[in-house]
Engineer: 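Dropping the structure in here first, questions after.
Convention: sequence-line order gives letters A, B, ...; per-chain numbering from 1.
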Amino acid sequence: MTQATAVDPVTVEILSHRLHQIAKEMGATLELVGGTVNTTQMHDYMASLYRANGEILATGESMPWHVACAGFTVKKILERFGEDNVNPDDVFLLNDPYVSAIHQSDVYIVSPIHFEGELVGWSASFVHVMDIGAMTPGGETPAATEITQEGLRIPGIKLIDQGKIREDVFDSIINMTRQPQMVALDINCQIAGNNVAKRRIQELYARFGSELMQAVSSEMIKGSEQVLRRRLSGIPDGKWSEVGDVESGENHWRMMVTLEKHGDELLFDFTGTGEQASTGINLPYHATFGCCFDGIVSTIAYDLPKNHGLFKPINMVVPEGTLLNVTYPAPVSLNTTSGGAMAKFLVHSALIQMLSGSEEWRHEVIAPSLGGRLGRTAGINQHGVYYASSLAQPALSGGGAIDGADGVDSSALTYLIAPNIEWMEANAPLLFLFRRHAQDAQGPGKYRGGAGAEMAFTIYNAPEKKLHGVAFGVAGLRNGGRGIFGGYPAAPSVLVHMHDTDVREHLGRNELPQDMEELSGEPEVLGYCTFDLKEDDVLYYMLRQGGGFGDPLDRDPELIERDLADRFISPEAARAVYGAVLAEDDPTTVDRTATEELRQELRATRLGGAK
Amino acid sequence: MSRPLRENLVVDDENGQSWVRCAKCSTTLSPVDEDWKTGCSVVVTAPTTAGPHRQLMLGKIAFEERYCPGCGTLVDVTFLEV
Ligand SMILES: [Zn+2]
């Protein structure tokens, strides 16, 4: 060994696990104390632990780019207040995207952790709070042309001073939102999570001492960095580019990344990305860095402890004033689910190209996804109370296929969970007509993309007989899963506003329509917009589906039979897309011999039409 | 010597030169240092080739499909704006 280790590896491993459990307990606490759709039904939150200087120490099951940006937030709080003004039992709040946040709705609460008077670390969390006082309820504001229209923006404030909550400050913040009580609940559950983590860390320090805990923290970070660098060194060097457009209607905004790998260092160069937009799809610099971190964490470092060591090989170039390094006062409120989704997709796709060239890694490559649509409804609910709530469904997205396995069905976003429909209907004046796996919407392939959900709902018992809607998330028809190595892309994720349907007549006959074809009315495919959902309207929602891997004509007939039984594919698609001939006497069984003959014919037909 | 490049493609080393070939029928697509896509047969298809739920894309976006010219194995699908 070239370097003396201050602490033995067994101790490092045991205490590392303990720290990760604390981060998880922090999230569990946040959820138990919380009560809003984002915290309890969807898990749109993050809870992690940091070192005294803001370096990431241990993360729970959290969105990686928020893990990164909460660390930057700790650094910014230290800069603003100075360590002398960071006292035991203080709590700070920050949500300014022009400092270290991503968009204002994602509010960071950071709590210093002291032991025997010394600052030894931080617990930090974010929740997408229920409202932030933007032009549009819930935060995402399609019409905003500058950040001042996107809600309150706090560059760092002391919310709790040495254990004493500053009620004047707290009340001022929540009163600037449409749902003060709900936002208060969101902030309070973050404080509760942070407090539990702080107490647990202090217990660990009391038991093992500051010196050992600091040594373990350093070893954890060093360990992740060393393994990542070793893995990178084993992959051929090269340069890979990806380009994509964020779309909404006629608008296209170009983003681009070139990834260069030399030895154990990565450079993500976003030169070529378009100028910042006057629609809130822009990302601040630190959020773009978070996208690179996300890419590493979800590919080559998926199984490593997610800490600051994974930051170290990442280098980044992003020209200022572009969509991915925005300057004041451009808007950002749509960014997490539009420009951010595209940036993550490009980073992920470039890394896939890099890994595909490695004998060791190419089997780990997963078909990437650009993300899908999201929505929100707001108005007076059946209890006579104003509400604004996410549709909260993206956990039910389908995942990309991988060499040897289909994409996961309806659980592509592992850090989110699917909301209970009864909960949704009890808290908002909505009636869901159906929610199920979409059939034939995944990207076909030798291994198919994972199936995501499709659903439809109408308003129900809404005192004002209408609700306000917001459509955001990745728009355009090229969103969702992309195919790799001959696999097809998935069907697009869409929000379709069906105007003036006969849904009430169906309900009057005690019928719940199970297919959009059963409903009359005028469909409108939504971009980034707000809209009014009236009593006779229905909103149809297709989540993102997974992209396929390899030629569908190579798919194992047994897997096709399973998909037919599970209704993931129709008999028509089994034949047309997969070349499967179904037995005449049993449409759930694939006739192997006839299928092989049909597949030979289809391959010949392909070449017959080729240039 | 033959080594896998990606699904259905291999790199064959022969007399000091390397080629990208189809893993199924050994048809040569290109020298290894050139873009193997140039050696593929190309067909532009409607997005509904991949199944229903793609009708909204008709007339706006198509698929550019690349096959091995020897055996018709599909090796690449990309979007094409129409
Ligand atoms: Zn071939």
Engineer: Can you tell me which portion of Val494(A) sits under 4.5 Å from chain B's heavy atoms? Options are side chain, backbone, both or neither.
Structural biologist: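 When you check distances to chain B, only side chain atoms of Val494(A) fall under 4.5 Å.
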Engineer: Quick check on Asp440(A) against chain B: is it the side chain, the backbone, both or neither that has a heavy atom closer than 4.5 Å?
Structural biologist: both
Engineer: Against Val77(B), only a single residue in Pro552(A), Pro444(A), Pro489(A) fulfils side-chain contact (heavy atoms from CB on, under 4.5 Å); can you say which?
Structural biologist: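 Only one option passes, and that is Pro489(A).
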Engineer: Can you find a pair of side-chain heavy atoms, one from Leu477(A) and one from Phe79(B), that are under 4.5 Å apart?
Structural biologist: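 Side chain of Leu477(A) against side chain of Phe79(B), heavy atoms only: no contact under 4.5 Å found.
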Engineer: Applying side chain to side chain contact (heavy atoms under 4.5 Å, CB included) to Val75(B) and Asp551(A), what does each step give before you reach the verdict?
Structural biologist: CA-CA 7 Å; Val75(B) 287; Asp551(A) 187 343; over 6 Å; no
Engineer: Any non-hydrogen side-chain atom of Arg3(B) less than 4.5 Å from a side-chain atom of Glu359(A)?
Structural biologist: no
Engineer: For Pro4(B), is it the side chain, the backbone, both, or neither that has a heavy atom closer than 4.5 Å to a heavy atom of chain A?
Structural biologist: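 Pro4(B) touches chain A through backbone and side-chain heavy atoms alike.
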Engineer: To the nearest 0.5 Å, what is the distance between CG on Leu9(B) and CZ on Phe485(A)?
Structural biologist: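 Going from the CG atom of Leu9(B) to the CZ atom of Phe485(A) covers 9.5 Å.
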Engineer: Can you tell which part of Arg599(A) gets under 4.5 Å to a heavy atom of chain B, answering side chain, backbone, both or neither?
Structural biologist: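 Neither the backbone nor the side chain of Arg599(A) comes within 4.5 Å of chain B.
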Engineer: With a 6.0 Å cut-off (strictly less than), is the heavy-atom count around CZ of Arg436(A), excluding the residue itself, greater than 12?
Structural biologist: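 It does: Arg436(A) CZ has more than 12 such atoms within range.
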Engineer: So which part of Leu56(B) gets closer than 4.5 Å to some heavy atom of chain A, the side chain, the backbone, both or neither?
Structural biologist: both
Engineer: With only heavy atoms counted, which part of Asp76(B) is less than 4.5 Å from chain A, the side chain, the backbone, both or neither?
Structural biologist: backbone
Engineer: Side chain, backbone, both or neither: which part of Leu5(B) has a non-hydrogen atom closer than 4.5 Å to chain A?
Structural biologist: backbone
Engineer: Identify which part of Gln442(A) has an atom lying under 4.5 Å from any heavy atom of chain B, answering side chain, backbone, both or neither.
Structural biologist: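 Gln442(A) touches chain B through backbone heavy atoms alone.
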Engineer: Going through the checks in order, is the salt bridge (Lys or Arg N to Asp or Glu O under 4.0 Å) test met by Glu81(B) and Arg478(A)?
Structural biologist: CA-CA 10 Å; Glu81(B) 268 184 87; Arg478(A) 288 179 287 186; 3.4 Å; yes
Engineer: Using a 3.5 Å distance criterion without hydrogens, assess whether the side chain of His53(B) forms a donor-acceptor pair with backbone atoms of Gln439(A).
Structural biologist: yes
Engineer: Between Asp403(A) and Arg6(B), does any NZ, NE, NH1 or NH2 come within less than 4.0 Å of an OD or OE carboxylate oxygen?
Structural biologist: no
Engineer: Do Ser41(B) and Arg606(A) make a side-chain contact, defined as non-hydrogen atoms from C-beta onward lying under 4.5 Å apart?
Structural biologist: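 Of all side-chain heavy-atom pairs linking Arg606(A) with Ser41(B), none is under 4.5 Å.
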Engineer: Shortest non-hydrogen contact from Arg54(B) to Pro492(A)?
Structural biologist: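 It is CG-CD, 4.4 Å.
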Engineer: What's the verdict on side chain to side chain contact (heavy atoms under 4.5 Å, CB included) for Arg603(A) and Tyr67(B), showing C-alpha distance, side-chain angles and the deciding distance?
Structural biologist: CA-CA 9 Å; Arg603(A) 288 189 187 100; Tyr67(B) 304 110; over 6 Å; no
Engineer: If I measure from the heavy atoms of chain B, does Tyr578(A) come under 4.5 Å with its side chain, its backbone, both, or neither?
Structural biologist: neither
Engineer: Is there a side-chain contact between Leu74(B) and Leu553(A) (heavy atoms, below 4.5 Å)?
Structural biologist: no
Engineer: Do you know which of Val577(A), Leu602(A), Val525(A) has the most heavy-atom pairs with chain B at a distance under 4.5 angstrom?
Structural biologist: Val577(A)
